[in-house]
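Presented below is the structure to which this report refers.
Letters A, B, ... are given to chains in the order of the sequence lines, protein chains preceding strands, and every chain is numbered from 1.
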Amino acid sequence: MPELPEVEVTRRQIAPLLVNRRIVSVATTRPSYFFLTPPRTLRDRLLGRIVVGLDRHGKYLLARLDDGQRLLLHLGMTGQLFGAGATSVRLLSATGRGSLSPEAQATGFSPDGHTHLRLSFSDGGPQLFFRDTRKFGKVQLLGPDEASERLARLGPDALSVGARHLYASSRGRRAAVKTLLLDQSVLAGVGNIYADEALFLAGVRPSRPARRLTRPDCVRLLRSLKRVLRRSIETGGSSISDYIRPDGSDGAYQDERRVYDRAHQPCQRCGTPIRRVVIGQRSSHFCPRCQR
DNA sequence: AGACTAACCTGAAAGC
DNA sequence: TGCTTTCAGGTTAGTC
């Protein structure tokens with residue numbers, strides 16, 4: 001369940017392991033739909049490249065390469081990026097690349113049969129691993145022109161979108177507002193946990209038809225959403241089912257959630273038991289009294 | 001176009 | 001105890 005905050009925390013922790021390093025070997029598991037770009041092609045086109053930056057849009061990570069290609073990574077449900085196999089941290093810092101945090105070394109992760117991608121670098125430092133038990137994650141290499149085309153399917157990043165956009169997108173939609181928030185082509189980055197949390201904070205019931213949102217509703221909803229997302233990034237994300245940070249530690253936002261996975265427990269604001277319903281094939285949690 | 005469904009995958013948890 | 005079923009979730013292809 002990595003959503004925007006977990007992906008952002010991952011981006012920040014993994015960037016030092018990737019940026020300004022030259023790829024010298026690419027190891028993968030067998031071809032599968034996990035590899036939108038086949039392993040062979042990946043290897044051919046990644047060897048010798050230097051990563052010049054690591055960006056995020058919604059739940060996607062995009063590694064920019066020195067030849068203009070972009071490596072797109074999606075963590076799906078259970079994807080984890082981590083570094084390991086450091087042979088010389090000192091070498092890295094000595095070459096002026098910035099030092100890797102000590103935590104980045106001892107991750108508690110270890111490569112196994114679910115580790116689908118391994119990158120090694122010319123400095124002999126830590127390798128980068130992409131592990132994904134359920135293989136809902138994605139790896140795709142895009143040419144300079146393909147990247148924007150691929151991202152065009154996504155709406156603006158949830159952290160940078162305005163209430164007007166949400167209001168406009170909600171017009172004429174009979175489906176639940178919860179579904180709207182989860183629609184990555186409307187806004188990118190929101191998943192099940194933060195949709196529920198934002199709706200609670202805004203006092204909006206997840207089942208409300210999107211077209212019934214007023215402008216003020218949209219303002220409150222977006223404000224709540226950003227607050228929840230920012231706070232989660234601050235606390236390292238939610239470690240609810242599978243997610244742990246690249247450095248191996250747990251996030252802490254799960255301790256702050258108000259409704260997600262709290263069915264039958266009292267609402268922290270009014271004491272009414274939290275309810276769970278299914279909307280758009282997703283479990284949704286809300287307070288029947290605080291959310292209308 | 002929007003709305004709804006099934007499929008992809010695996011491990012944990014619940015059911016028997 | 002041990003086998004079987006159910007469930008979770010992000011995305012996409014397919015159908016109406």
| said: For the CZ atom on A:R275, are there more than 12 heavy atoms of other groups (residues, nucleotides or ligands in this structure) within a distance under 6.0 Å? | reply: no

| task | Just call it for A:K138: base, sugar-phosphate, or nothing, with non-hydrogen atoms closer than 4.0 Å on any strand. | result | nothing

| Rounded to whole angstroms, how far apart are CD on A:Q140 and P on C:dT12? | 10 Å

| task | Whole angstrom is fine here: how far is it from CZ in A:F34 over to P in C:dT12? | result | 14 Å

| How long is the line joining CG of A:L154 and C1' of C:dT12, in whole Å? | 13 Å

| remark: Contacts satisfying ring-ring contact (aromatic ring centres under 6.0 Å, His included) that involve residues 264-292 of chain A (not counting sequence neighbours) are A:Y260-A:H285

| said: Salt bridge check, A:D217 against A:R212: does any charged N sit closer than 4.0 Å to a carboxylate O? | reply: no

| query | Between C:dT11 atom C1' and A:L73 atom CG, what is the distance in whole Å? | reply | 16 Å

| message | I'd like to know if A:R230 and A:E234 make a salt bridge, using a cut-off of under 4.0 Å between side-chain N and carboxylate O. | response | no

| Under the ring pair (Phe, Tyr, Trp, His ring centres under 6.0 Å) test, residues paired with A:F130 that sit two or more places apart | A:F34

| note | A:L181 atom CG is separated from C:dT11 atom P, nearest whole Å, by 14 Å

| A:R211 CZ to B:dA1 P, straight-line distance once rounded to whole Å | 19 Å

| query | In whole Å, what is the span from the CG atom of A:D183 to the C1' atom of C:dT11? | reply | 11 Å

| said: Strictly under 4.0 angstrom, non-hydrogen atoms only: write out the protein contact profile of nucleotides 2-12 of chain B, one letter per nucleotide from the 5' end, B, S or -. | reply: -S-BB-BBBS-

| Centre of A:Y167's six-membered ring, under 6.0 Å away, within 45 degrees of the axis: is that where NZ or CZ of A:R215 sits? | yes

